[in-house]
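One structure is given below, encoded as structure tokens.
Remember, it's 1-based here, ligands and their atoms both numbered in the order they're listed. Below, all heavy atoms of this structure are taken into account, side chains as well, without hydrogens, waters or symmetry copies.
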Amino acid sequence: MIPIMSSAPLSTATPISLPVRKIPGSYGFPLLGPLWDRLDYNWFQKLPDFFSKRVEKYNSTVFRTNVPPCFPFFLGVNPNVVAVLDVKSFAHLFDMEIVEKANVLVGDFMPSVVYTGDMRVCAYLDTSEPKHTQIKNFSLDILKRSSKTWVPILVKELDTLFGTFESDLSKSKSASLLPALQKFLFNFFSLTFLGADPSASPEIANSGFAYLDAWLAIQLAPTVSIGVLQPLEEIFVHSFSYPFFLVRGGYEKLIKFVKSEAKEVLTRAQTDFQLTEEEAIHNLLFILGFNAFGGFTIFLPTLLGNLGDEKNAEMQEKLRKEVREKVGTNQENLSFESVKEMELVQSFVYESLRLSPPVPSQYARARKDFMLSSHDSVYEIKKGELLCGYQPLVMKDPKVFDEPEKFMLERFTKEKGKELLNYLFWSNGPQTGRPTESNKQCAAKDAVTLTASLIVAYIFQKYDSVSFSSGSLTSVKKAC
Ligand code: HEM
């Protein structure tokens, strides 16, 4: 491992000493090039090989390629991107002086605004747009205010969740994680962000999470692999967008729920942040559904899966020891402050995010011409070009992370571990950064890692050991 950029770790200033290199790779023939790359991406090579094979081929972590969706029915979508696949080149995605993020979420493709009340919600806005400032600040304010009730609500909802798991385990060999987790997430975020209790509406309490699932799935279908037999997936899932009317009923019920049960938050959006009621509702649903519910639905099964089973006894023992030393087994001792003192638990969470970033790809468009540097070369980027970073490769950059493929529980501990947080990018920014209205970093950068740490701490207060396997909980040994 070479020493990583020391004093200004994420500086995107052009170093004079590196050689200028023409960006390797090409977009191929019109229509055929994008189509071939699309088939490689979704079918022949798949991720991460699609990117790692091209790194090898071009002997460069920066190259030109196409990413889906594209031809034949996504005619307005330009699939041409410049891939940035090492820590240093990827960091340019966060420098809002040189990149912009208007209508950029999944490459050049953006789900139709009919899914979000015919408006561009926060995620689609660039930092230069005043509306981004209003909504980002609104989301930061929601998090700040809900932090007062966050931990007690979390513990109460976790009691219900693990009660369900234990009951399932008493009847069968394993308890499937996802359905119960999604109900837990929906209740938790409704109560904390919206100040709205789903039990006020039996239909929302039972099906709210399923309405969000359907709304998310239909928007993201053209861009994610779901493992359907090929070429059926290419033809029926990745070739066109499905119409909104298929999920309209559920989305409208969620709107009604927010309107009637989240009155206080809606009033604050209008009085303190000058948003209209409509803007507040659709942004709240996007933050609740896409960001929070969507993000944690991917992240939590991975996090719990990393606790593993009896083969991970040593790691579980270390985590349990730290938790019990800091907070014993009394759940009233759990707090943001107490988990901040759990270095190992936090490192476990960071390492999980490093190896399995829940939002794997990030994109940004060049605001102007600039020189982009990787570890060993400098490349010329033209205004308007789309940069594409694929984190699962970037977070294994061997110039930054020792034994990058290995899950190392202690990686983010001590001085050296703290320094590495400069290069942990899951939130569309470094873990040492601060989400503000001037950047596009996840508003919940700290809330996510602290909540995940609280969940791990909760588990080791309650249980001596746990076993997770293939998306299920297979056994728990209660704390003596
Ligand atoms: C595990 C859970 C989460 C993950 C993995 C995650 C990840 C991300 C990522 C990668 C982005 C940047 C997207 C991009 O432009 O490329 C983002 C943006 C955002 N996230 Fe999160 N997020 C999570 C949870 C949350 C939660 C709980 C909130 C609640 C407030 C939240 C609020 C936001 C907002 C408002 C933005 C847009 C920021 C902006 O436009 O400036 N996220 N999130």
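Under 2.8 Å from atom 21 (Fe) of ligand 1, one finds the following protein N/O/S atoms: Cys442 SG.
Set against the non-hydrogen atoms of Asn439, the atoms of ligand 1 under 4.0 Å away are 41 (O). Counting atoms of ligand 1 from 1 in the listed order, those under 4.0 Å from a heavy atom of Pro358 are 5 (C). Against a heavy-atom cut-off of under 4.0 Å, Gln362 is close to the following atoms of ligand 1: 10 (C), 16 (O). Of all atoms in ligand 1, listed by their number and element, those nearer than 4.0 Å to a heavy atom of Ser139 are 35 (C).
Residues forming a side chain to side chain donor-acceptor pair (under 3.5 Å) with Asn333 (at least two apart in sequence, or on another chain): none.
Under the 4.0 Å criterion applied to side-chain N and carboxylate O atoms, Lys263 and Glu261 are not assigned as salt-bridge partners. No salt bridge links Asp86 with Lys396; every basic N to acidic carboxylate O contact stays at or beyond 4.0 Å. Using a 4.0 Å cut-off between a side-chain N of Lys or Arg and a carboxylate O of Asp or Glu, Lys53 and Asp40 do not qualify as a salt bridge.
For atom 6 (C) of ligand 1, the closest heavy atom belonging to the protein is Trp426 CZ3, 3.7 Å. Nearest protein neighbour of atom 37 (C) of ligand 1, counting heavy atoms only, is Cys122 SG, 4.3 Å. Summary of contacts: the protein heavy atom closest to atom 13 (C) of ligand 1 is Leu105 CD1, 4.3 Å.
Applying the salt bridge (charged side-chain N to carboxylate O under 4.0 Å, His left out) test to every pair with at least one member in residues 175-185, sequence neighbours left out, gives no pairs at all.
Under the 4.0 angstrom criterion for non-hydrogen atoms, Ala447 is not in contact with ligand 1. Residue contacts with ligand 1 leave out Thr451, since none of its heavy atoms falls under 4.0 Å from the ligand. The shortest heavy-atom distance from Phe193 to ligand 1 is under 4.0 Å.
Side-chain contact annotation: Glu233 with Asn42, donor-acceptor N/O pair under 3.5 Å absent.
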Anything under 3.5 Å between a donor and an acceptor, one on a side chain of residues 341-349, the other on a protein residue two or more places apart or in another chain? List them.
{"residue": "Glu343", "atom": "OE2", "partner": "Lys414", "partner atom": "N", "Å": "2.7"}
{"residue": "Glu343", "atom": "OE2", "partner": "Lys418", "partner atom": "NZ", "Å": "3.4"}
{"residue": "Gln346", "atom": "OE1", "partner": "Tyr350", "partner atom": "OH", "Å": "3.4"}
{"residue": "Gln346", "atom": "NE2", "partner": "Val339", "partner atom": "O", "Å": "3.4"}
{"residue": "Gln346", "atom": "NE2", "partner": "Lys340", "partner atom": "O", "Å": "3.0"}
{"residue": "Ser347", "atom": "OG", "partner": "Leu409", "partner atom": "O", "Å": "2.6"}
{"residue": "Ser347", "atom": "OG", "partner": "Phe412", "partner atom": "N", "Å": "3.0"}

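Nearest residue to atom 15 (O) of ligand 1 from Lys101, Gln441, His132, Lys440 is Lys101 (criterion: closest heavy atom).
A cation-pi arrangement is absent between Arg268 and Phe273 under the rule of less than 6.0 angstrom and at most 45 degrees off the ring axis.
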Report the C-alpha distance between Lys88 and Asp397 in whole Å, list the side-chain angles of each, state the deciding distance to 0.1 Å, and finish with yes or no for salt bridge (charged side-chain N to carboxylate O under 4.0 Å, His left out). CA-CA 9 Å; Lys88 201 167 172 188; Asp397 184 334; over 6 Å; no
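The aromatic rings of Phe109 and Phe74 sit perpendicular, their planes meeting at an angle over 60°, well past the 30° parallel limit.
In this structure, Phe209 has its ring center no closer than 6.0 Å to that of Phe184.
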